[in-house]
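Below is one structure, written out as structure tokens; comments come after it.
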Amino acid sequence: MADQLKNNARHADAGLSSGAGWAVPAMKWMARTFALFIAAQVFLAGLAMFVDSDWTAHANFARFFIIIPILMMLVSFIARLPVSYRVKSIQLLVMVILMFVTADLSSVIGFLSALHPVLSLAMFWITLAIARQAAAQTTK
């Protein structure tokens, strides 16, 4: 009980709601997991590009990507986390959708394929920003 009161006081000092006690560590965990997913996806793209020209693993693994940004967005709204968490999680969700669009339309509109790796870099940066923000708020 005393630990919960300390957590609530710590989160209030950081400008977080009382629901942030579970939500901030969850955001940190999800962001770190998503960053690992992005790194794995880049590795799979490298394998397909330079080793065997089979894009199946890269395409299939991409289907898991949309789950984490959706969960991050839901957690940020349910726990009433600061707006920065909400905006970044929405940005990630939009970028994942754009990743699918750039992959599907790249044969029709060639320059869209160039946006695909750029979007992955942007997703990685935003994901690291969320992880850093959450880590800083869990250690306060």
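In this chain, numbering begins with 1 at the start of the sequence shown. All values below come from the heavy atoms of this structure, side chains included, with hydrogens, waters and symmetry mates left out.
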### Task
Taking all non-hydrogen atoms of both residues into account, name the closest pair between Trp22 and Ala79 and its distance.
CZ2-CB, 4.0 Å
### Pairwise distance CG(Leu93) to CD1(Ile67) - rounded to 0.5 angstrom
12.0 Å
### Message
If you compare all heavy atoms of Ser113 against all heavy atoms of Pro117, which two are closest, and at what distance to 0.1 Å?
### Response
O-CD, 3.3 Å
### Query
With the 4.5 Å side-chain cut-off for hydrophobic clustering, are Trp29 and Ile78 part of the same group?
yes
### Closest heavy-atom pair and its distance - Ile66, Ile97
CD1-CG1, 4.2 Å
### Task
Using the test side-chain contact (heavy atoms from CB on, under 4.5 Å), find all partners of Thr56 that sit at least two apart in sequence or belong to another chain.
Asp54, Asn60
#### Entry: Neighbour count >12 (heavy atoms, 6.0 Å) for atom CZ, Phe100
yes
### Message
Less than 4.5 Å apart, side chain to side chain, heavy atoms only: is that true for Ile68 and Thr127?
### Response
no
## Note on the structure
Across all chains, not counting sequence neighbours, the side-chain contact (heavy atoms from CB on, under 4.5 Å) partners of Leu121 are none
### Query
Are Phe34 and Val87 linked, directly or through other ILVMFWY residues, by side chains that come within less than 4.5 angstrom of each other?
no
### Query
Do Met95 and Phe65 touch side chain to side chain, with heavy atoms closer than 4.5 Å?
no
#### Entry: Which residues share a side chain to side chain donor-acceptor pair (under 3.5 Å) with Ser120, sequence neighbours left out
none
### Query
Hey, does the side chain of Tyr85 reach the backbone of Ala134 with a donor-acceptor pair shorter than 3.5 angstrom?
yes
### Heavy-atom side-chain contact between Ser89 and Pro69 under 4.5 Å
no
### Query
At what distance, to the nearest 0.5 angstrom, does CE of Met27 lie from OG1 of Thr138?
12.5 Å
### Message
Tell me every residue that passes side-chain contact (heavy atoms from CB on, under 4.5 Å) with Arg132, counting only those two or more places apart in sequence or in another chain.
### Response
Leu128
#### Entry: Student check: side-chain heavy atoms of Met99 and Met123 closer than 4.5 Å
yes
### Query
When clusters are formed by joining ILVMFWY residues with side-chain heavy atoms under 4.5 Å apart, either directly or through shared neighbours, do Trp125 and Leu115 land in the same one?
no
### Task
Report the distance from atom CD1 of Ile90 to atom CD1 of Ile70, rounding to the nearest 0.5 Å.
12.0 Å
### Query
When hydrophobic residues are tied together by side-chain contacts of less than 4.5 Å, even through go-betweens, does Trp55 share a cluster with Leu119?
no
### Message
As a quick check of understanding, evaluate side chain to side chain contact (heavy atoms under 4.5 Å, CB included) for Lys88 and Met73, giving each step before the final call.
### Response
CA-CA 8 Å; Lys88 289 173 189 166; Met73 186 181 66; over 6 Å; no
### Query
Passes side-chain hydrogen bond (donor to acceptor under 3.5 Å, both in side chains), Lys28 versus Gln133? Steps please.
CA-CA 8 Å; Lys28 180 174 70 173; Gln133 181 180 3; over 6 Å; no
Which atom pairs, donor and acceptor, lie under 3.5 Å between side-chain atoms of residues 36-48 and protein residues at least two apart or in another chain?
{"residue": "Gln41", "atom": "NE2", "partner": "His58", "partner atom": "O", "Å": "2.7"}
{"residue": "Gln41", "atom": "NE2", "partner": "His58", "partner atom": "ND1", "Å": "3.4"}

#### Entry: Shared hydrophobic cluster for Val83 and Met30 (ILVMFWY, side-chain gaps under 4.5 Å)
no
### Message
I'd like to check the side-chain contact (heavy atoms from CB on, under 4.5 Å) partners of Asp104; sequence neighbours left out, ordered by chain and number.
### Response
none
### Query
Under the 3.5 angstrom rule, does the side chain of Arg32 hit a backbone N or O of Ala131 as a donor-acceptor pair?
no
### Query
Between the side chain of Arg63 and the main-chain N/O of Ala59, is any donor-acceptor distance below 3.5 Å?
yes
